[in-house]
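From a predicted model like this one, the values you see are computed outputs, not experimental measurements. Both backbone and side-chain heavy atoms feed into the values below; hydrogens, waters and symmetry mates do not.
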Amino acid sequence: MMRRAPTLTLEFFHDVVCGWCFNLSPRLRALARDFDLDIRHRTFVLQDSPARMAEVFGSPAAAKETILGHWAACAAASDAPERFAIDRMRAAAFDYPHGLPGALACQAAQRLGGQDGHWRLFDALQDAHLSQARNVADTEVLVDVARSVGFDGATFRYCLMDGRTRMAVEADRAMARHLGVRSVPTVIVAETGARLRNGPLNDLRAQLQKQLRWAGRSPATGAARTPASETRP
């Protein structure tokens, strides 16, 4: 049986170390089945080095404590709050990881397994980070998680270190700048330009129903956009 053509295309900008993305990804998986969505994964790193983490938060200790406060808010809004290992991450000996290694890993997975591989590794890395309190800035952790979801370790390590993978991260960053993306998660409906508001599954479903109606009135080129009131994050 042939799969139906996707009803909408969503550009999903995310960061492995983002708790709000952790909440949204399983909801998008459910919606992708309900609406035959084409979800395109885009890496978008908020802080790309330990130095940048210190610049933004003041110190590694302050970074961890501030971000774990964000985790608590994410857990309160989650469909499965028990997935957030806040105490384990607070007790972990390593500094809170920056997002660039995870982004490189996701792009390596995409090179090896397409969008499905990207999403599969993204979810596994988020689980390792937020549920298992593992250090997803550590190359060995990245390779181990990649193996756990079916990638060959040596091949994955090569792709992770290859300069073309960093170029793919930068390409997604350039796309984010072009689209005015400044935070994660950001989900943009390609056919209308609208941005979905992160929220409960039923709210997201209602937003997509509205976008289907808008897209149905758009030209075949997809160039038409929703009014400003519909495009704010």
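- Looking only at side-chain heavy atoms (C-beta outward), Leu100 and Arg166 come within less than 4.5 Å of each other.
- Put simply, the side chain of Thr165 never gets that close to the backbone of Leu104: no donor and acceptor are under 3.5 Å apart.
- Taking all atoms of both residues into account, the shortest heavy-atom contact from Pro185 to Asn198 is CG-ND2, 3.7 Å.
- The minimum heavy-atom distance between Ala32 and Ile39, with the atom names listed, is CB-CD1, 4.0 Å.
- There is a path of hydrophobic side-chain contacts, each under 4.5 Å, that joins Met161 to Val141.
- Taking 4.5 Å as the limit, every side-chain heavy atom of Leu24 sits out of range of all side-chain heavy atoms of His14.
- A single hydrophobic cluster is seen to contain both Leu196 and Trp119, as judged by linkage of ILVMFWY side chains at heavy-atom distances under 4.5 Å, directly or through other members.
- Residues Gln207 and Gln211 form no side-chain contact, since every pair of their non-hydrogen atoms from C-beta on lies 4.5 Å or further apart.
- Between the Ser148 side chain and the Val145 main chain, a donor and an acceptor come within less than 3.5 Å of each other.
- The two atoms that bring Pro101 and Leu160 nearest to each other are O-CD1, 4.3 Å, heavy atoms only.
- Listed for the Arg120 side chain is a donor-acceptor partner under 3.5 Å among the backbone atoms of Val149.
- A distance of 11.5 Å separates CG of Leu31 from CG of Asp36, quoted to the nearest 0.5 Å.
- Rounding to the nearest 0.5 Å gives a distance of 12.5 Å between CE of Met167 and CG of Asp172.
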Item to check | salt bridge (Lys or Arg N to Asp or Glu O under 4.0 Å) evaluation trace for Glu140 with Arg157 | outcome: CA-CA 9 Å; Glu140 297 310 313; Arg157 188 187 298 272; 2.9 Å; yes
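- Here the side chain of Glu191 pairs a donor or acceptor atom with the backbone of Thr9 at under 3.5 angstrom.
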Item to check | Audit row: Thr43, Gln110, side chain to side chain contact (heavy atoms under 4.5 Å, CB included) steps and yes/no | outcome: CA-CA 11 Å; Thr43 54; Gln110 183 169 325; over 6 Å; no
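- Clustering ILVMFWY residues whenever any of their side-chain heavy atoms sit less than 4.5 angstrom apart, transitively, puts Trp20 in a cluster other than the one holding Phe13.
- Contact between Phe44 and Ser183 at its shortest, heavy atoms only, is CE2-N, 3.9 Å.
- When atom types are taken as modelled, the side chain of Tyr96 and the backbone of Thr66 share no donor-acceptor pair closer than 3.5 angstrom.
- Put simply, the side chain of Arg88 gets close to the backbone of Gln132: a donor and an acceptor are under 3.5 Å apart.
- Annotation: cation-pi pair Lys64/Phe94 present, NZ/CZ under 6.0 Å from the ring centroid and within 45° of its normal.
- Arg52 CZ to Phe57 CZ: the interatomic distance, rounded to the nearest 0.5 Å, is 9.0 Å.
- Residues Pro81 and Ala75 share a closest heavy-atom pair of CB-O, 3.2 Å.
- Side-chain atoms of Asp15 come within 3.5 Å of backbone atoms of Leu46 as a donor-acceptor pair (strictly under, hydrogens ignored).
- From Arg134, atom CZ reaches atom CG of Leu142 across 9.5 Å, with rounding to the nearest 0.5 Å.
- Residues Phe12 and Leu28 have side chains in contact (heavy-atom distance under 4.5 Å, counting atoms from C-beta outward).
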Item to check | Worked verdict on Arg27 versus Asp79 for side chain to side chain contact (heavy atoms under 4.5 Å, CB included) | outcome: CA-CA 9 Å; Arg27 295 169 185 167; Asp79 301 322; 2.9 Å; yes
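- At a threshold of 4.5 Å between side-chain heavy atoms, the hydrophobic network of Ile, Leu, Val, Met, Phe, Trp and Tyr places Leu10 and Val181 in two separate groups.
- Between Val17 and Gly99, the closest heavy-atom pair is CG2-CA, 4.3 Å.
- Atom CD in Gln107 sits 11.0 Å away from atom CG in Leu121 (nearest 0.5 Å).
- You'll find the side chain of Phe22 stays beyond 4.5 Å of the side chain of His129, heavy atoms only.
- Leu125 and Val169 fall within the same hydrophobic cluster, where Ile, Leu, Val, Met, Phe, Trp and Tyr residues are linked whenever their side-chain heavy atoms come under 4.5 Å apart, directly or through other members.
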Checklist entry - For Leu208 and Asp34, what are the C-alpha separation, side-chain angles and deciding distance, and is it a side chain to side chain contact (heavy atoms under 4.5 Å, CB included)? => result CA-CA 10 Å; Leu208 284 174; Asp34 293 346; over 6 Å; no
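- In this model, no donor atom of one side chain and acceptor atom of the other lie less than 3.5 Å apart for Ser25 and Gln126.
- Note that CG of Leu179 is 4.5 Å distant from CD1 of Ile188, once rounded to the nearest 0.5 Å.
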Checklist entry - Going through the distances and angles, do His98 and Val45 end up as a side chain to side chain contact (heavy atoms under 4.5 Å, CB included)? => result CA-CA 8 Å; His98 62 98; Val45 180; 5.8 Å; no
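- Atom CZ of Arg182 has 12 or fewer neighbouring heavy atoms from other residues, nucleotides or ligands inside a 6.0 Å radius.
- When the options Arg195, His41, Arg40 are evaluated for a side chain to side chain donor-acceptor pair (under 3.5 Å) with Glu11, the one that passes is Arg40.
- Counting only heavy atoms from C-beta outward, the side chains of Phe84 and Asn23 approach each other to under 4.5 Å.
- Met175 places a side-chain heavy atom less than 4.5 Å from the side chain of Arg42.
- Leu8 has its side chain out of reach of Phe35: every pair of non-hydrogen atoms, C-beta onward, lies at least 4.5 Å apart.
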